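As structure tokens, the structure follows; a few thoughts come after it.
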Protein chains: 2
Amino acid sequence: MAANSQFSMAVHILMMLARSRDENLKSDYIASSVNTNPVVIRRLLGQLGQANLVVSQTGANGGTRLSRCPSEINLSEVYKAVSCGEVFALHGKAPNQDCPVGRNIEAVLCNLQKEIDRSIGDKLSQFTLESVFEKVESLPTT
Amino acid sequence: MAANSQFSMAVHILMMLARSRDENLKSDYIASSVNTNPVVIRRLLGQLGQANLVVSQTGANGGTRLSRCPSEINLSEVYKAVSCGEVFALHGKAPNQDCPVGRNIEAVLCNLQKEIDRSIGDKLSQFTLESVFEKVESLPTT
DNA sequence: CATAACTGTAACTAGAATAGTTACAATTTA
DNA sequence: TAAATTGTAACTATTCTAGTTACAGTTATG
């Protein structure tokens, strides 16, 4: 399990919360839908909470709910919240600084990285939780 | 070193080849600029060759050169050639199929994945090797 | 034609990242 | 006070990447 599925799990979690409206959901309950351990869910909810997308309550009868209406949260916010790195990594070791290409390539790639990130953000911001929820609900439930 | 830097290394390699014009470059020489092992370079050249972006010659005085002019290769082709996976991974374990959300979320996420991939491809196709090379060359060489 | 210089590729290692797991302190309801 | 729940630290198993060694196959050239 080295591939990063945090964004997928985060969206799944948020769909569960969108469906439950104002009711608090427990991490155990969400975990049983995502099919993982409740701690994995609580870790993600922590990140989503720091991004002000959800609100959690500790203690008996606690749980988590959306901080806003599903139409007011978009996937770009979710993507940023779970911070799953960049599309591609820069060089692990620094290139040879004595080479004209090696000396400058990192700066160029870094700018490119930022441009692509912007593209992804733009695309993701077109989807609200509400619009994604509609797709999930409208699928032919086999 | 778990982050995937193949795209970065591939672009670095192609910049070296763009700079050398028609002359064959050895994997050893490229490796010394990228600051890695020649085998790592040859593996990447293999993928770039399969995508018809470069041509290699075995044997003494062999090496690799671009298969086309730098203005006729764009970064989208490079990205596809090194196939560095998707922006985000789908669920590792399949979600709970007894849950209305778990049952449908994967299909929705999969479509989303494809849309984002298209966005990245569109953005990357705006950059030719030539245009990237100009940026590398124009940077203030400290 | 023999040799040296290359590429191509298989096999292995080391290190890092993810998700999963256990355990437990802190908080809150009832 | 007891039970339920989150928050979080610590550890493990799995998987990925890059790096490395080794060597077979290919080709130019003296």
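Protein chains get the first letters and strands the later ones, always in sequence-line order, with residue 1 at the start of each. Atom set for the values below is all heavy atoms of this structure, side chains included, hydrogens, waters and symmetry mates excluded. Small disclaimer: the values here were computed from a predicted structure and weren't measured.
In this structure, B:L48 is a member of the same hydrophobic cluster as B:Y29, with clusters built from ILVMFWY side-chain heavy atoms closer than 4.5 Å.
In this structure, A:Q113 contributes its side chain and A:F88 its backbone to a donor-acceptor pair below 3.5 Å. Between the side chain of B:S71 and the backbone N or O of B:E130 there is no donor-acceptor pair closer than 3.5 Å.
If you measure from atom CD of A:Q47 to atom C1' of C:dT18, you get 12 Å, rounded to the nearest angstrom. Protein atom CZ of A:F7 is 18 Å distant from nucleotide atom C1' of C:dA19, rounded to whole Å. The distance between atom CG of A:L45 and atom C1' of D:dT6, rounded to the nearest whole Å, is 10 Å. Residue A:M9 contributes atom CE, which lies 7 Å from atom C1' of C:dA19 at whole-angstrom precision. Rounded to an integer number of Å, the gap from B:I41 CD1 to C:dT9 P is 16 Å. Atom P of nucleotide C:dA19 and atom CZ of A:R43 are separated by 9 Å, given to the nearest angstrom. Rounded to whole angstrom, the span from the CG atom of B:L44 across to the C1' atom of D:dG19 amounts to 12 Å. In this structure, the NZ atom of B:K93 is 15 Å from the C1' atom of D:dT15, given to the nearest Å.
The base of C:dT7 does not come close enough to the side chain of B:R65 for any donor and acceptor atom to sit less than 3.5 Å apart.
Looking at every heavy atom in both residues, B:T128 comes nearest to B:P70 through CB-O, 3.8 Å. Pairing each heavy atom of B:G92 with each of A:S5, the nearest pair is N-OG, 4.3 Å.
Of the inter-residue distances, the one linking B:I105 atom CD1 with A:M9 atom CE reads 12.5 Å to the nearest 0.5 angstrom. Expressed to the nearest 0.5 Å, how far CG of A:L75 lies from CG of B:L112 amounts to 6.0 Å. Here the CD atom belonging to B:E72 is positioned 5.0 Å from the SG atom belonging to B:C69, to the nearest 0.5 angstrom. For the atom pair CD1 of B:I30 and SG of A:C99, the computed distance is 10.5 Å after rounding to the nearest 0.5 Å.
Mapping A:G62 and B:P38 onto DNA chain D by nearest heavy atom places A:G62 at the nucleotide closer to the 5' end.
Of the residues in residues 20-37 of chain B, those with a non-hydrogen atom less than 4.0 angstrom from any atom of DNA chain C are B:L25, B:K26, B:S27.
At a threshold of 4.0 angstrom between heavy atoms, the contacts of B:S5 are confined to the sugar-phosphate backbone, with no base atom among them.
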Contact string for nucleotides 22-30 of chain D, one letter per nucleotide 5' to 3', B = base within protein heavy-atom range under 4.0 Å, S = sugar-phosphate only, - = neither, reads B---BBSS-

